[in-house]
K.L.:
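Handing you this structure, nothing more for now.
Remember, it's a predicted structure, so these values are computed and weren't measured experimentally. The first residue in the sequence is number 1, and the count goes up from there.
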Amino acid sequence: MSPSQQSEPPDTSSHTPAPSPQLIRLPRLALVGVGMLLFGVSFAAASWPLALGWLFALPVVAAVWVLRVRTVVSTDGLAMRRFVGSDFVSWDNVRGIHFPDRRWARVVLEDDSEKSLPLVRFDRLPQLAAASGGRITDPYAAAAADVADVAVAEERDEERDEEPTPHTENS
């Protein structure tokens, strides 16, 4: 077959799908807690409605927060939706991500400003890495690869130690 008749492979393989956007939000089961909050405030609000009727706003605010707050990570960028307002940051503007003590992750932008990523904690890094298209590295996968490399090197050393060495006899 001549080279001009050979077909060229596509730039992207149809067998490896593009990373799908990852949605990081509170589970809907959190609405059970909102229902329990409604149940708890209903006794106080019902007993003195003029003074404590405003307590019914607490479960509504909690429900809106559970349903609204999220972070969407895609190959285009990061979409953050907060209780009030939304924001989008493209990967071109991202310098890095860091995790302050016991708080949500923060994305560091090219102009040295920071924005919080709602509901993103360190344990969500595999999700971030998968959806970012390689822009964020997964430390868990890197650690597993390092452990595998060490194990392979140890096996090679053991095999080399077990090989019989040829002996020469002096007469």
Side-chain angles (χ1 to χ4, degrees), residues 9-42 44-45 54-157:
D11 291 335
T12 58
S13 174
S14 60
H15 300 292
T16 55
S20 62
Q22 293 290 322
L23 177 66
I24 299 171
R25 65 178 183 193
L26 284 173
R28 296 295 178 236
L29 190 59
L31 292 173
V32 172
V34 171
M36 291 171 59
L37 179 63
L38 176 64
F39 181 74
V41 300
S42 65
W54 63 270
L55 289 176
F56 282 121
L58 295 177
V60 172
V61 168
V64 169
W65 189 78
V66 166
L67 295 172
R68 181 161 169 77
V69 175
R70 68 187 63 184
T71 298
V72 180
V73 184
S74 67
T75 54
D76 297 332
L78 300 162
M80 291 90 59
R81 184 190 254 181
R82 295 177 186 83
F83 184 74
V84 177
S86 299
D87 202 2
F88 179 81
V89 176
S90 70
W91 289 113
D92 298 335
N93 297 332
V94 174
R95 181 181 293 169
I97 293 179
H98 73 96
F99 295 87
D101 295 331
R102 301 183 186 276
R103 292 187 297 195
W104 293 338
R106 298 190 63 79
V107 61
V108 180
L109 304 176
E110 287 294 328
D111 61 356
D112 289 333
S113 64
E114 295 182 357
K115 294 186 180 193
S116 68
L117 298 175
L119 305 174
V120 177
R121 297 269 189 156
F122 191 77
D123 62 335
R124 298 291 187 132
L125 266 178
Q127 267 185 295
L128 288 174
S132 70
R135 292 176 180 91
I136 299 174
T137 57
D138 182 4
Y140 297 116
D146 289 345
V147 168
D149 291 344
V150 169
V152 168
E154 287 176 356
E155 285 180 19
R156 258 190 261 130
D157 290 343

K.L.:
Using the side chain to side chain contact (heavy atoms under 4.5 Å, CB included) rule, take V89 and M80 through it: C-alpha gap first, then chi angles, then the decisive distance, then the call.
P.N.:
CA-CA 8 Å; V89 176; M80 291 90 59; 3.7 Å; yes

K.L.:
Show the atom names and distances, to 0.1 Å, of all donor-acceptor pairs under 3.5 Å that link a side chain in residues 22-38 to residues at least two apart or in another chain.
P.N.:
residue, atom, partner, partner atom, Å
Q22, OE1, Q127, NE2, 3.0

K.L.:
CG of L128 to CD1 of I97: how many Å apart, nearest 0.5 Å?
P.N.:
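Nearest 0.5 Å value for the CG-CD1 distance: 5.5 Å.
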
K.L.:
List the atom pairs, donor and acceptor, that lie under 3.5 Å between side-chain atoms in residues 58-69 and the rest of the protein, sequence neighbours left out.
P.N.:
residue, atom, partner, partner atom, Å
R68, NE, R82, O, 2.9
R68, NE, F83, O, 3.2
R68, NH2, S86, OG, 3.4

K.L.:
Report the residues that fulfil side chain to side chain contact (heavy atoms under 4.5 Å, CB included) with D112, sequence neighbours left out, ordered by chain and then residue number.
P.N.:
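Side chain to side chain contact (heavy atoms under 4.5 Å, CB included) list for D112, sorted by chain: R95.
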
K.L.:
Sequence neighbours excluded, which residues qualify as side chain to side chain donor-acceptor pair (under 3.5 Å) partners of S113?
P.N.:
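Listed in chain order: D111.
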
K.L.:
Among all residues two or more places apart in sequence or in another chain, which pass the salt bridge (charged side-chain N to carboxylate O under 4.0 Å, His left out) test with D92?
P.N.:
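None.
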
K.L.:
Can you name the side chain to side chain contact (heavy atoms under 4.5 Å, CB included) partners of A44, sequence neighbours left out?
P.N.:
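Residues passing side chain to side chain contact (heavy atoms under 4.5 Å, CB included) with A44: L52, L55.
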
K.L.:
I need the full list of salt bridge (charged side-chain N to carboxylate O under 4.0 Å, His left out) pairs touching residues 113-126, with sequence neighbours left out, sorted by first then second residue.
P.N.:
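Every pair satisfying salt bridge (charged side-chain N to carboxylate O under 4.0 Å, His left out) with a residue in residues 113-126: D87-K115, R106-E114.
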
K.L.:
Can you name the side chain to side chain contact (heavy atoms under 4.5 Å, CB included) partners of T137, sequence neighbours left out?
P.N.:
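For T137, no residue satisfies side chain to side chain contact (heavy atoms under 4.5 Å, CB included) once neighbours in sequence are set aside.
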
K.L.:
Has R135 got a side-chain atom pairing as donor or acceptor with S132's backbone, closer than 3.5 angstrom?
P.N.:
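A pair under 3.5 Å: yes.
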
K.L.:
Once ring pair (Phe, Tyr, Trp, His ring centres under 6.0 Å) is applied, what residue pairs with a partner in residues 85-109 remain, sequence neighbours excluded?
P.N.:
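Of all non-adjacent pairs touching residues 85-109, those that pass ring pair (Phe, Tyr, Trp, His ring centres under 6.0 Å) are F99-F122.
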
